[in-house]
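Note that ligands are numbered from 1 as they come in the structure, with each ligand's atoms numbered from 1 the same way. Index from 1, following the sequence.
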Amino acid sequence: MADEWVFPKGELMRGKRGLVMGVANERSIAWGIAQQLAAQGAELAFTYQGEALEKRVRPLIEGIGADTMLECDVTDDGQLDAAFATLERKWGKLDFLVHSIAFAEKSELKGSFVENTTRENFLRAMDVSAFSFVAAGKRAAKLMDAGGAMVTLTYLGAERVLPSYNTMGVAKAALEACTRYMARDLGPEGKRVNAISAGPMKTLAMAGISGGRGLLSTGREWSVMKEDTSMEGIAGCALWLLSDLGRSTTGEVIHVDAGFHIVGVPSTGDANE
Ligand code: NAP
């Protein structure tokens with residue numbers, strides 16, 4: 001089904017402009033979301049980290065008629081300021097933000113959380129994967145009018161213990177809490193902040209997790225729908241949250257994982273169970 005996916009076209013995002021952070025390649029979740037938003041008429045700008053990514057991502061974004069690429073390592077306040085200042089000069093206003101960024105050292109995404117986690121890497125994972133949403137969201141909100149919306153990407157490892165996810169699970173828990181506090185602060189201004197808790201997807205970020213394939217196959221086998229999470233579903237949820245359809249929804253963590261998160265013990269398929 002994923003191979004046949006055609007992004008539903010429409011006008012839901014016509015007249016809206018947004019920044020997408022976190023496209024590394026054509027498998028990135030941010031790229032799936034970007035294509036869906038563009039198919040609904042959104043005008044998009046993208047951030048990238050480093051020259052190599054610029055070269056890889058530029059052909060993708062040109063394919064959907066976008067041309068604005070801003071360098072932005074989210075751990076660098078100067079680069080964040082410069083990226084949003086450029087957007088302000090170009091567009092004046094911003095309607096939405098997609099934050100799809102995370103990082104933890106590979107050495108920590110395996111084995112014992114207690115043994116493998118160092119102070120330096122813990123703080124870096126928190127900075128890139130959680131605080132960066134606050135840092136980017138604060139700057140984005142200043143360019144938004146009422147009706148503005150933001151989404152970030154999280155994972156079940158924030159709520160439950162999963163093999164190898166370790167430091168990243170702790171960072172995702174912080175990210176989900178950040179989502180709620182940001183929603184509280186920006187709500188009175190009419191701006192919404194939500195998180196999508198996506199099921200496992202084959203991306204570069206997933207490749208960095210020891211045993212990531214196991215998360216993928218278990219995700220499929222244990223999910224109540226008995227299928228992989230689809231990019232269609234994730235992008236569709238982002239479209240809903242970022243468009244006016246999502247009005248009144250804020251501070252939520254919405255699971256898009258074929259129902260994996262509701263399962264305590266998986267069914268065996270035995271008719272008598
Ligand atoms: P991805 O394609 O590797 O995207 C991760 C992005 O984060 C990359 O563009 C990466 O850029 C960027 N990034 C890392 N450190 C950065 C920094 N200091 N400054 C700016 N950008 C930085 O993988 P993905 O799976 O689509 O991940 C996107 C989001 O979805 C992440 O938050 C991830 O945790 C979340 N998520 C993924 C899954 C999954 O199964 N794949 C499931 C649930 C949630 P570089 O390549 O330059 O480092």
Side-chain angles (χ1 to χ4, degrees), residues 19-35 46-57 60-61 69-80 82-83 97-106 109 121 123-133 135-136 150-160 162 164-176 178-179 195-209 211-220 223 228-231 233-235 237-238 253-258 260-261:
L19 178 64
V20 178
M21 308 181 80
V23 177
N25 60 26
E26 71 287 350
R27 284 183 176 272
S28 295
I29 292 174
W31 180 238
I33 292 172
Q35 289 177 92
F46 295 81
T47 58
Y48 67 94
Q49 195 198 185
E51 214 175 292
L53 267 210
E54 207 264 342
K55 286 203 183 102
R56 205 188 307 152
V57 174
L60 289 180
I61 76 153
M69 286 196 71
L70 311 162
E71 181 160 23
C72 187
D73 175 341
V74 292
T75 62
D76 183 328
D77 280 331
Q79 287 195 19
L80 276 164
L97 172 72
V98 177
H99 173 275
S100 187
I101 285 175
F103 176 80
E105 283 298 337
K106 224 175 162 170
L109 297 174
N121 291 335
L123 293 176
R124 183 162 167 76
M126 281 287 190
D127 189 9
V128 177
S129 316
F131 179 72
S132 69
F133 188 40
M150 310 177 191
V151 292
T152 188
L153 272 298
T154 184
Y155 184 46
L156 192 65
E159 306 163 54
R160 310 232 181 127
L162 302 176
S164 302
Y165 207 61
N166 298 359
T167 310
M168 188 55 82
V170 178
K172 290 298 191 195
L175 177 67
E176 293 180 9
C178 290
T179 300
I196 299 172
S197 185
M201 304 292 290
K202 276 187 213 155
T203 63
L204 281 179
M206 173 55 82
I209 301 167
R213 275 202 197 138
L215 292 178
L216 278 159
S217 58
T218 312
R220 181 171 52 247
S223 72
D228 291 324
T229 297
S230 64
M231 192 65 94
I234 300 171
C237 184
V253 176
I254 301 189
H255 296 86
V256 180
D257 64 357
F260 181 83
H261 71 285

Distance to 0.1 Å, residue and atom name: give those for the protein heavy atom nearest to [atom].
atom	value
atom 15 (N) of ligand 1	Val128 CG1, 3.4 Å
atom 19 (N) of ligand 1	Val74 N, 3.0 Å
atom 39 (C) of ligand 1	Met201 N, 3.5 Å

Counting each atom of ligand 1 from 1 as listed, which ones have a heavy atom of [X] under 4.0 Å away?
X	value
Ala102	7 (O), 14 (C), 31 (C), 32 (O), 34 (O)
Ile29	25 (O), 26 (O), 30 (O), 36 (N), 37 (C), 38 (C)
Leu153	29 (C), 30 (O), 32 (O), 35 (C)
Gly199	40 (O), 42 (C)
Cys72	19 (N), 20 (C)
Thr203	23 (O), 24 (P), 25 (O), 26 (O), 41 (N)
Asp73	17 (C), 18 (N), 19 (N)
Leu53	11 (O), 45 (P), 46 (O), 47 (O)

Any side-chain heavy-atom pair from [X] and [Y] closer than 4.5 angstrom?
X	Y	result
Leu70	Leu19	yes
Val74	Phe133	no
Gln79	Glu71	yes
Met21	Leu97	yes
Met126	Phe131	no
Ile209	Leu215	yes
Thr75	Ser132	no
Met201	Ile234	yes

I need the minimum non-hydrogen distance between [X] and [Y], along with the two atoms involved.
X	Y	result
Thr152	His99	OG1-ND1, 2.8 Å
Phe103	Val128	CB-CG1, 3.7 Å
Val23	Trp31	CG2-N, 3.8 Å

Tell me the contacting part of Leu215 for ligand 1: side chain, backbone, both, or neither, using a 4.0 Å heavy-atom threshold, strictly below.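 Neither part.
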Thr154, portion touching ligand 1 at heavy-atom distance under 4.0 Å: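 For Thr154, the contact with ligand 1 is made by the backbone alone.
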Identify which of Val256, Thr152, Ile101 has a heavy atom lying nearest to atom 12 (C) of ligand 1.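 Minimum heavy-atom distance to atom 12 (C) of ligand 1 goes to Ile101.
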Nearest to atom 5 (C) of ligand 1 by heavy atom, Ser100, Ala207, Gly32: which?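 Shortest heavy-atom distance from atom 5 (C) of ligand 1: Ser100.
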Would you check the N or O atoms of [X], main chain and side chain alike, for any that come under 3.5 Å of an N or O of ligand 1?
X	result
Ala205	yes
Gln49	yes
Ser28	yes
Gly22	yes

Between Lys172 and Glu176, is the closest basic N to carboxylate O distance under 4.0 Å?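 Lys172 and Glu176: not salt-bridged.
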Give the ring-plane orientation class for Tyr165 versus Tyr155, where under 30° counts as parallel, over 60° as perpendicular and anything between as tilted.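 Geometry flag for Tyr155 against Tyr165: perpendicular rings.
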Going by heavy atoms, is Gly50 under 4.0 Å from ligand 1?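 No, Gly50 has no heavy atom closer than 4.0 Å to ligand 1.
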Please verify whether a non-hydrogen atom of Lys172 lies at under 4.0 Å from ligand 1.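 Yes; Lys172 lies near enough to ligand 1 that a heavy-atom distance drops under 4.0 Å.
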Does atom 37 (C) of ligand 1 have a protein non-hydrogen atom under 4.0 Å from it?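 Protein heavy atom within 4.0 Å of atom 37 (C) of ligand 1: present.
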